[in-house]
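Please read the structure below before turning to the comments.
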Amino acid sequence: MVILENKTAPVAAAVMAGLTRKPKQLPSWLFYDEQGDAIFQSIMRMPEYYPTRCEYEIFQKQKEAIRQQFTAAGTPFRLVELGAGDGLKTELLLKHFVDQHTDFEYWPTDISPNVLAILQERLEHSLPTLTSSPIAHRHEDALRTVAEDHEHRHIFMFLGANIGNYSLLEAQAFVNNLAGAMHAGDLLFMGFDLKKDPRVIQAAYDDPHGITRSFNLNLLTRLNRELGANFDIDAFEHAPYYDPETGAAKSYLVSLRNQDVHIEATHQIIHFNAWETIHTEVSLKYDLTMIESLARKANLEIVRHFADSRDYFRDILFRKP
Ligand code: AVI
């Protein structure tokens with residue numbers, strides 16, 4: 001008998017809803033258990049996964065230009081990073097800001113308390129003078145807290161290719177929500193992975209080392225462990241594909257045979273036909289028209305683009321008028 005703790009209730013709810021849909025679908029936040037966090041770290045280190053290095057290059061070469069934009073208003077600010085993760089790249093910016101005696105506080109938020117604890121511990125050693133207050137929250141809750149604070153100037157950061165894990169519709173709702181929490185003059189600094197040679201994108205999500213494959217399959221291992229499911233991991237395969245027209249890199253788990261899976265915690269038996277899919281992730285790649293439209297509909301002004309040397313990736317600064 002599997003006892004549902006609070007922690008497993010959202011997992012069970014997502015699985016119950018997602019595996020009874022047609023076509024089957026599971027939300028990509030399910031990737032990020034302790035094991036998934038660790039595999040994602042390995043993904044970011046592999047040469048095929050370019051977004052991390054592109055953003056790193058932007059921060060390295062343009063950190064002073066970024067700081068100047070952040071401090072242009074001449075008042076202290078609270079830097080709220082949504083989905084901070086391990087914050088390794090952000091640390092480069094934070095260090096520069098601290099070195100330049102910038103008057104700011106850092107508020108990293110993430111749904112994974114595990115990665116936030118690691119981040120906090122590291123920052124206490126590497127940047128002991130930085131005031132940092134981590135919040136383990138879903139984005140919506142973190143935004144609500146900030147929206148109620150009229151005292152501080154806020155700069156939101158949503159880095160990496162994180163916005164890509166929303167569909168275009170969801171991304172618009174997310175940016176609208178963010179813009180709703182911003183006060184006049186607040187800034188938003190957001191990363192966008194751009195459309196590019198489809199072969200480069202395909203390789204990033206279908207790497208020859210099998211790391212992204214194990215990231216995707218780990219989701220089933222998690223369900224076996226947390227929900228008492230009996231997925232046969234060898235009976236599913238990682239199937240990623242990139243559509244250059246929409247910019248959507250989609251990942252699936254494909255059932256290699258006819259099979260039934262029992263999920264003890266949700267009292268479900270889920271049938272899979274051979275070659276039936278579970279859609280597990282979208283990683284949307286943007287072009288400039290898509291980005292401008294996002295900003296316009298959320299009533300945000302584009303202040304400046306920061307691109308890497310190959311123009312694979314951009315961090316874009318938006319302002320609430
Ligand atoms: C976290 N996110 C931005 C990554 C991405 O590129 O969509 C997750 C990932 N999935 C497979 N590789 C990396």
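Ligands are counted one by one from 1 in listed order, and the atoms in each one are counted from 1 as well.
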Atom indices of ligand 1 within 4.0 angstrom of [X] heavy atoms, with elements:
X: N165; value: 1 (C), 2 (N), 3 (C), 4 (C), 5 (C), 7 (O)
X: T212; value: 11 (C)
X: N162; value: 1 (C), 3 (C)
X: Y32; value: 1 (C), 8 (C)

How far is [atom] from its nearest protein heavy atom, and which residue and atom name does that atom have?
atom: atom 12 (N) of ligand 1; answer: Y205 CE2, 3.6 Å
atom: atom 8 (C) of ligand 1; answer: E281 OE2, 3.2 Å
atom: atom 4 (C) of ligand 1; answer: Y49 OH, 3.3 Å
atom: atom 7 (O) of ligand 1; answer: S283 OG, 2.6 Å

Query raised in the report: Below 4.0 Å from any atom of ligand 1, is there a heavy atom belonging to F31?
Result: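 In this structure, F31 fails to qualify as a contact of ligand 1 - no heavy atom is under 4.0 Å.
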Report task. Check whether the side chains of H271 and D260 place a donor and an acceptor atom closer than 3.5 Å, and report yes or no. Result ->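 Short answer, yes.
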Can you classify the ring geometry of [X] versus [Y] as parallel (below 30°), tilted (30 to 60°) or perpendicular (above 60°)?
X: H183; Y: H150; answer: tilted
X: F104; Y: F77; answer: parallel
X: F158; Y: F174; answer: tilted

Query raised in the report: Less than 6.0 Å separating the ring centroids of F70 and F189?
Result: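 Yes.
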**Report entry** K285-ligand 1 polar pair, N/O distance under 3.5 Å
**Finding:**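 Such a contact does not occur with ligand 1.
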Query raised in the report: Are more than 12 heavy atoms from other residues, nucleotides or ligands located less than 6.0 Å from atom CD of E34?
Result: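 No, CD of E34 has 12 or fewer neighbouring heavy atoms, counting only those of other groups under 6.0 Å.
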Query - With sequence neighbours excluded, residues passing side-chain hydrogen bond (donor to acceptor under 3.5 Å, both in side chains) with S251 - result: none
